> 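First the structure, which I've put down as structure tokens, then a few questions once you've had a look.
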Amino acid sequence: MELVSSFVGHHPILFSGLGVVVILLILNEMSGALTGEKRLTPLEAVRLINDRGALILDVRSSADY
């Protein structure tokens with residue numbers, strides 16, 4: 001615990017950044033639950049692609065392929 005308090009004392013900006021990221025992650029999860037948006041699991045995505053003939057668009061550059 002002494003190391004944590006020492007780190008926070010020496011790097012307050014990094015620790016504040018961690019707090020901001022954690023808060024944003026929590027808000028993102030809460031907004032998804034409150035708006036009722038549907039999130040797909042990988043299995044559900046594959047099922048939709050196979051059963052409904054979905055169009056998949058690969059936006060990577062040709063160098064990434």
Side-chain angles (χ1 to χ4, degrees):
M1 197 66 188
E2 192 175 310
L3 288 175
V4 174
S5 62
S6 174
F7 177 81
V8 172
H10 288 99
H11 306 286
I13 295 175
L14 287 177
F15 191 71
S16 299
L18 173 65
V20 169
V21 168
V22 168
I23 290 170
L24 289 175
L25 285 172
I26 291 170
L27 289 174
N28 183 44
E29 290 300 316
M30 288 175 52
S31 71
L34 292 175
T35 60
E37 68 183 29
K38 174 81 169 128
R39 295 185 182 190
L40 295 178
T41 65
L43 181 62
E44 290 171 328
V46 169
R47 185 172 292 134
L48 283 173
I49 291 168
N50 289 337
D51 293 343
R52 303 227 177 125
L55 172 66
I56 306 299
L57 179 63
D58 187 357
V59 294
R60 296 178 292 183
S61 66
S62 59
D64 293 336
Y65 179 71

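Not measured: the values here are computed from a predicted model.
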> Suppose clustering is done on Ile, Leu, Val, Met, Phe, Trp and Tyr with side-chain heavy atoms closer than 4.5 Å. Which residues sit in the same group as Ile56?
Ile49
> Just how far is it from atom CD1 of Ile23 to atom CE of Met30, taken to the nearest 0.5 Å?
11.5 Å
> For Ile13, does the CD1 atom sit with more than 12 other heavy atoms under 6.0 Å from it, leaving out its own atoms?
no
> Are Ile26 and Leu18 linked, directly or through other ILVMFWY residues, by side chains that come within less than 4.5 angstrom of each other?
yes
> Identify whether Leu14 and Leu3 are in the same connected component of the hydrophobic contact network (ILVMFWY, side-chain heavy atoms under 4.5 Å).
no
> Phe15 and Val4: same hydrophobic cluster, using ILVMFWY side-chain contacts below 4.5 Å?
yes
> Whether the side chain of His10 engages the backbone of Ser6 through a donor-acceptor N/O pair (distance < 3.5 Å, no angle test) should be reported.
yes
